[in-house]
Amino acid sequence: RNPSPYGITPSLNAYSFNQALLEEGMSLGKFFQFAAKTGFAAVDLTAYYIPGYPEVPEDEVLYEIKREAFRTGISFSDTGVRNDFTLKDPEALALEIDHVKHWIVAASKLGAPNIRVFDGKAPSAENSSSATHQRVVDAFRECARYGARHGVNVAFQNHNDFLISSDEIIDVIQRVDSEWFGLMLDTGSVTGPDPYSEIEKLMPHAVTWQLKENVRTGEGSEALDVKRLIELLRKHEYSGFLPLETLGEGDPRPKVRALYQEVASRL
């Protein structure tokens, strides 16, 4: 191994336990305990697992969650919201931006350095100079300016929604042009016949990750080559959090443990 001069810290994305948290009564405390026992030092706590979402709860609720995580030895790598910045109606779009801003403040109170946002649900368009692209750029930039005031990075997750191609994603990031805006690189959502070349193309813009079990290929999907991905991280000297996410049916616990062990053994 050729370690980076800085650290890479695996984090557990709470969406791995989506059904358990939303439908099976798993508490955030139990989630934190599982993460800590597995070996994680941090979690990505998506906001819709926080009571009251989409509204931001009272400070007492946020601070109790923060205290419970701290007592378990867990910090927050990220939080995230649902949003749609492709909406044409100005009032509806303003509400989406305000929603992100409210949760930027909440992220700051939790001590989360990143907040995950999306582009939106409009049909994808090849022309990156479209009016919809400009709305997305303007909304990202406004949120990034607000994030800078509260010490929170705004991290766009490529989720195969409106922005599809790597070139399109890079173009938007460059147009936003903010130190407080970057990419949450979702390894399961890159497109193209060779997902690793696309991941490498996007890596200079990554401020955080969603490392998933599978990657898309021209023929469908295949298991993530963890060794190859870690080699790319080393090559580009990435440092910071590396959130992991498992999907699909069944108990997430053994899947999370297996992915964590495979990643951690190569760091």
Side-chain angles (χ1 to χ4, degrees), residues 13-16 18 22 44-49 53-54 78-90 92-101 103-104 107 114-144 147 153-176 178 181-193 195 197-199 201-203 205-218 220-221 224 243-248:
N13 192 302
Y15 196 80
S16 304
N18 183 62
L22 293 182
D44 177 339
L45 182 62
T46 311
Y48 38 83
Y49 303 122
Y53 185 87
D78 316 80
T79 186
V81 296
R82 296 187 181 103
N83 67 283
D84 189 341
F85 287 163
T86 64
L87 299 177
K88 291 183 179 180
D89 180 71
L93 179 57
L95 289 175
E96 295 291 304
I97 293 171
D98 284 344
H99 175 62
V100 173
K101 287 180 176 178
W103 279 98
I104 284 172
N114 301 296
I115 185 167
R116 173 176 58 261
V117 298
F118 296 101
D119 42 13
K121 296 297 185 181
S124 179
E126 289 296 325
N127 180 11
S128 61
S129 62
S130 73
T132 308
H133 280 81
Q134 191 60 50
R135 281 196 298 275
V136 171
V137 168
D138 291 342
F140 281 160
R141 186 182 294 125
E142 183 174 345
C143 291
N153 289 302
V154 176
F156 159 57
Q157 179 184 349
N158 58 299
H159 199 248
N160 217 31
D161 294 322
F162 174 64
L163 301 174
I164 302 294
S165 72
S166 297
D167 289 342
E168 194 179 19
I169 291 166
I170 292 168
D171 175 68
V172 165
I173 292 172
Q174 290 175 336
R175 285 160 62 186
V176 174
S178 170
F181 181 79
L183 182 64
M184 172 174 276
L185 209 168
D186 182 343
T187 61
S189 295
V190 295
T191 59
S197 66
E198 299 303 311
I199 289 169
K201 187 186 296 184
L202 291 167
M203 283 183 72
H205 306 280
V207 295
T208 187
W209 293 73
Q210 278 204 15
L211 193 155
K212 294 179 177 175
E213 300 157 289
N214 295 313
V215 292
R216 294 171 183 260
T217 65
S221 67
L224 175 71
L244 316 183
E245 180 181 297
T246 63
L247 301 171

Do [X] and [Y] have side-chain heavy atoms sitting under 4.5 Å apart?
X: Ile115; Y: Asn153; value: no
X: Asn214; Y: Leu224; value: no
X: Glu142; Y: Val176; value: no
X: Met203; Y: Trp209; value: yes
X: Phe85; Y: Val100; value: yes
X: Leu185; Y: His205; value: no
X: His133; Y: Phe162; value: yes
X: Pro243; Y: Leu211; value: no

Where [X] and [Y] come nearest, the two heavy atoms and their spacing:
X: Asp161; Y: Lys121; answer: OD1-NZ, 3.5 Å
X: Ala155; Y: Val207; answer: CB-CG2, 3.9 Å
X: Ser165; Y: Thr191; answer: CA-OG1, 4.2 Å
X: Cys143; Y: Ile104; answer: O-CD1, 3.6 Å

To the nearest 0.5 Å, what is the distance between OG (Ser166) and NZ (Lys201)?
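If I round to the nearest 0.5 Å, the distance is 5.0 Å.
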
Which distance, rounded to the nearest 0.5 Å, do you find between the CD of Gln157 and the CD of Gln210?
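Answer rounded to 0.5 Å: 4.0 Å.
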
Just by distance, do the side chain of [X] and the backbone of [Y] share a donor-acceptor pair under 3.5 Å?
X: Thr79; Y: Leu45; answer: yes
X: Arg216; Y: Gly188; answer: yes
X: Ser124; Y: Leu163; answer: no
X: Arg135; Y: Leu87; answer: yes
X: Ser178; Y: Arg141; answer: no
X: Trp103; Y: Asp98; answer: no
X: Thr86; Y: Gly120; answer: no
X: Glu168; Y: Ile164; answer: yes

Val137 vs Gln174, test: side-chain contact (heavy atoms from CB on, under 4.5 Å). Steps then yes/no.
CA-CA 9 Å; Val137 168; Gln174 290 175 336; over 6 Å; no

Within 45 degrees of the axis of the six-membered ring of Phe118 and under 6.0 Å from its centre: does Arg82 put its NZ or CZ there?
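Because its charged atom misses either the 6.0 Å distance or the 45° angle limit, Arg82 does not stack over Phe118.
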
Tyr15 atom OH, neighbour heavy-atom count above 12 within 6.0 Å:
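No, the 6.0 Å shell around OH holds no more than 12 heavy atoms from other groups.
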
CA sep, side-chain torsions, deciding dist, call: Thr46, Arg116, side-chain contact (heavy atoms from CB on, under 4.5 Å)
CA-CA 8 Å; Thr46 311; Arg116 173 176 58 261; 2.7 Å; yes

So that I know where these two stand, are His99 and Tyr53 an aromatic pair - ring centroids less than 6.0 Å apart?
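Ring-ring flag for His99/Tyr53: true, centres closer than 6.0 Å.
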
Test Ile169 against every option in Ile173, Val172, Asp167 by the side chain to side chain contact (heavy atoms under 4.5 Å, CB included) rule and name the one that passes.
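Among Ile173, Val172, Asp167, the one that satisfies the side chain to side chain contact (heavy atoms under 4.5 Å, CB included) with Ile169 is Ile173.
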
Show, in sequence, the C-alpha distance, side-chain angles and deciding distance for Lys88 and Leu93, and conclude whether the side-chain contact (heavy atoms from CB on, under 4.5 Å) test is met.
CA-CA 7 Å; Lys88 291 183 179 180; Leu93 179 57; over 6 Å; no

Can you tell me if Thr208 and Asp78 form a side-chain donor-acceptor pair at under 3.5 Å?
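A pair is found: one side chain offers a donor N or O, the other an acceptor, under 3.5 Å apart.
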
By salt bridge (charged side-chain N to carboxylate O under 4.0 Å, His left out) - contacts of Asp171 (at least two apart)
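For Asp171 the salt bridge (charged side-chain N to carboxylate O under 4.0 Å, His left out) partners, ignoring immediate neighbours, are Arg175.
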
For Lys212, enumerate each residue passing the salt bridge (charged side-chain N to carboxylate O under 4.0 Å, His left out) test, keeping only those at least two apart in sequence or located in another chain.
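Residues passing salt bridge (charged side-chain N to carboxylate O under 4.0 Å, His left out) with Lys212: Asp186, Glu245.
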
Evaluate the criterion side-chain contact (heavy atoms from CB on, under 4.5 Å) for residue pair Asn13 and Leu244; output intermediate values, then yes/no.
CA-CA 6 Å; Asn13 192 302; Leu244 316 183; over 6 Å; no

